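Every chain is numbered from 1 and lettered A, B, ... according to where its sequence line falls, protein lines coming before strand lines. Values reported hereafter were calculated over all heavy atoms of this structure, with side chains retained and with hydrogens, waters and symmetry mates removed. Bear in mind that the values here come from a model prediction, so they are computed numbers and not experimental data.
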There are 2 protein chains.
Amino acid sequence: MGRNAYFENRQFIDAALEIIGRGGPGAVTVASIAGHIDAPVGSVYHRFSSREMILAELWLGIAESFQEGFLEILAAGEAVQASLYTLHWVREHPIEARVLLLYRREELVAREWPAGVRGRAAALERNLAEGLKSFVRRAFGRYSSGGMDRALFALIQVPLAAVRGCLEKGVAPPESADRLIRETCEHIMRRKP
Amino acid sequence: MGRNAYFENRQFIDAALEIIGRGGPGAVTVASIAGHIDAPVGSVYHRFSSREMILAELWLGIAESFQEGFLEILAAGEAVQASLYTLHWVREHPIEARVLLLYRREELVAREWPAGVRGRAAALERNLAEGLKSFVRRAFGRYSSGGMDRALFALIQVPLAAVRGCLEKGVAPPESADRLIRETCEHIMRRKP
DNA sequence: GATATATTAGAATATATATTCTAATATATC
DNA sequence: GATATATTAGAATATATATTCTAATATATC
C-alpha cells in the first residue's frame with residue numbers, strides 16, 4: 001500500500017548511462033542523474049543506497065550482458081569470431097561501450113565493490129576465467145599459462161586496442177578494424193605457445 | 001633578493017608522480033602533494049597556478065620524454081623496434097608508465113589544457129603525427145590512411161594493449177609480451193594496406 | 001646592521017557535491 | 001471515506017578539497 005511510484009530504478013540507471021556516455025564520469029552527480037529525468041534527489045536515495053550503487057549496477061549490467069555474448073561465442077570455440085565480438089558489440093552498443101571499455105572501472109566504482117553487488121562482480125570474474133580456461137584447453141590441446149597469455153592477447157587485449165581510439169572520438173569503428181583484428185588473431189592463435 | 005627557496009618546483013611534480021603511481025589519480029590532492037614533501041600548501045600555489053597545472057607539467061614531461069625516444073626509433077625506420085619501444089620503456093619507467101599509459105589523460109588534466117602549456121601539448125600531438133606520417137610513407141612506399149591505421153595499430157595500440165594488464169597489477173611485463181608484440185607487428189606490417 | 005622581498009607557514013574561505021532529513025502527497029487497503 | 005504508508009519533493013547538512021589570504025621568516029643587497 002501507499003503512494004504509487006512515479007519513477008523506476010531503471011530510469012535512474014539509464015540516466016547515468018546517458019550522462020556518462022556524453023559527458024564522461026565527471027558528469028555523473030546525484031543531481032545530474034535526478035535532473036536528467038526530472039526526479040528529486042530524494043527519490044534517488046529512496047532507491048539506491050549511494051551514488052556508487054547506481055554506477056555499480058549500471059556497470060555490472062553492461063558487463064554481464066557483454067560477457068554473456070562473449071562467453072557464448074567463446075564456447076563455440078571459434079577464436080576469430082570471439083576476437084571480433086568486441087568490435088561488433090561496440091558497433092551495436094556505442095554508449096554502453098564507452099562506459100565499459102573507455103573508462104577504467106575504478107573511475108565509476110571504487111576498487112572495492114559496494115556490499116550488495118560483490119557476488120555479481122565475483123561471478124563475472126569467475127565466469128570469464130573459466131570460459132577462457134576451457135577455451136585455452138581446447139584451442140591448444142592443453143592448458144598452459146603461455147596459452148592463456150596468447151588467448152588474452154588475441155581475444156581481449158588486441159580487440160580492445162583496436163577499438164579504443166574510436167570510443168574516445170565517439171565514432172563507430174571503421175571496416176578496417178575487422179581486418180586488423182582478424183589477421184592478428186589468426187596469426188597469434190596459429191602458433192602453439 | 002629575498003629568502004631562499006626551501007623547495008624546488010621539481011619536488012612537487014615528483015611528489016605528484018609518486019602519489020599517482022601508488023594511489024591513482026584520486027589520491028593527488030594539493031594537500032597530499034605538499035604533505036608528501038612536508039611543504040605547506042601555500043608553497044604549492046607560490047609555484048603553480050593550480051593543482052591542474054602541476055599535473056599538466058607532470059604529464060607533459062613524461063609524455064615528451066616517452067615520445068622523444070619513440071620518434072627516434074621510428075625515424076630509424078624499424079617497425080618492430082618501434083613496436084617494442086613501449087614495452088621496454090614501461091620496464092624502465094614503471095611509475096611514469098602508469099601515469100602516462102594506465103589512466104586516461106583526462107583523469108589528470110581536463111580535456112582543455114590549462115593556458116601556459118597549450119603549446120607544449122600541441123607540439124606533442126604534431127610531432128607524433130609527423131613522425132608517423134613519414135614512417136608510413138617509408139614503410140609502405142606512399143602515404144595512405146590504411147597505412148596509417150596499420151601503423152597506429154601495430155606500433156601503438158597493440159603494444160599498449162599488451163602492457164595494460166601489467167600496469168594495472170603494478171608488475172613488470174613478462175618476457176612473453178615481447179614475442180606477442182613482435183609477432184603481431186611483423187605480421188601486420190608485412191601486408192601492404 | 002637595516003631593509004626589501006621571496007618564500008614559508010598554515011589558517012580561513014569558497015565551492016561542489018553526496019547524503020540526510022522533514023514535510024507533503026497520493027493511493028492501496030480497510 | 002478514513003488511514004497507513006510508499007513515494008515524491010526539495011531544503012538543510014556534512015564533507016572534502018581547491019584556493020585565497022595574512023603573517024612570519026630568512027636572506028640578498030645596500
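- Taking a 4.0 Å limit (strictly below) on heavy-atom distances, residues 36-54 of chain B reaches DNA chain C at P40(B), V41(B), G42(B), S43(B), H46(B), R47(B).
- Applying the side-chain hydrogen bond (donor to acceptor under 3.5 Å, both in side chains) rule to R118(A) yields no partners; only residues at least two apart in sequence or on another chain are considered.
- Under a 3.5 Å cut-off, the side chain of S32(A) and the backbone N or O of A27(A) do form a donor-acceptor pair.
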Practice problem: Would you check, one step at a time, whether the test side chain to side chain contact (heavy atoms under 4.5 Å, CB included) holds for V163(A) with I181(A)? | Solution: CA-CA 10 Å; V163(A) 125; I181(A) 292 174; 5.6 Å; no
Practice problem: Would you sort out whether V30(A) and I54(A) count as a side chain to side chain contact (heavy atoms under 4.5 Å, CB included), showing the intermediate values? | Solution: CA-CA 9 Å; V30(A) 174; I54(A) 305 174; 5.7 Å; no
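- In this structure E64(A) satisfies the side-chain contact (heavy atoms from CB on, under 4.5 Å) test together with L60(A), R120(A), L124(A), sequence neighbours excluded.
- Identified under the side chain to side chain donor-acceptor pair (under 3.5 Å) test for residues 180-189 of chain B, with sequence neighbours left out: R150(A)-E183(B), H187(A)-H187(B), R191(A)-E183(B).
- For residues 10-28 of chain A, the pairs satisfying side chain to side chain donor-acceptor pair (under 3.5 Å) are R10(A)-D14(A), E18(A)-R22(A), with sequence neighbours left out.
- With sequence neighbours excluded, the residues forming a side-chain contact (heavy atoms from CB on, under 4.5 Å) with L101(B) are T86(B), W89(B), V90(B), L160(B), L167(B), listed by chain and number.
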Quiz item: Which string of ( ) [ ] | and . matches DNA chain D, if you list each base 5' to 3' and count Watson-Crick or G-U pairs only when both distances are under 3.5 Å?
Solution: ||||||||||||||||||||||||||||||
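- Classification of the F70(B)-Y85(B) ring pair by plane angle, with boundaries at 30° and 60°, yields tilted.
- Annotation: proximity of residues 15-23 of chain A to DNA chain C (heavy atom, distance under 4.0 Å) is found for no residue.
- Atom CG of L55(B) and atom P of dT19(D) are 10 Å apart (whole Å).
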Self-check item: Footprint string (nucleotides 23-30 of chain C, 5' to 3'): B base within contact, S backbone only, - free, heavy atoms under 4.0 Å
Solution: --BBBS--
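- Residue pairs meeting the ring pair (Phe, Tyr, Trp, His ring centres under 6.0 Å) criterion with at least one partner in residues 16-59 of chain B, sequence neighbours excluded, are W59(B)-W113(B).
- Between the CZ atom of F12(A) and the P atom of dA18(C) there is a distance of 15 Å, rounded to whole Å.
- Remark: R91(A) engages D178(A) in a side-chain hydrogen bond (donor to acceptor under 3.5 Å, both in side chains) (not counting sequence neighbours).
- Within the structure, no pair that satisfies the ring pair (Phe, Tyr, Trp, His ring centres under 6.0 Å) test touches residues 114-163 of chain B, not counting sequence neighbours.
- Under the 3.5 Å distance criterion, the side-chain polar atoms of E52(A) are matched with a main-chain donor or acceptor of A110(A).
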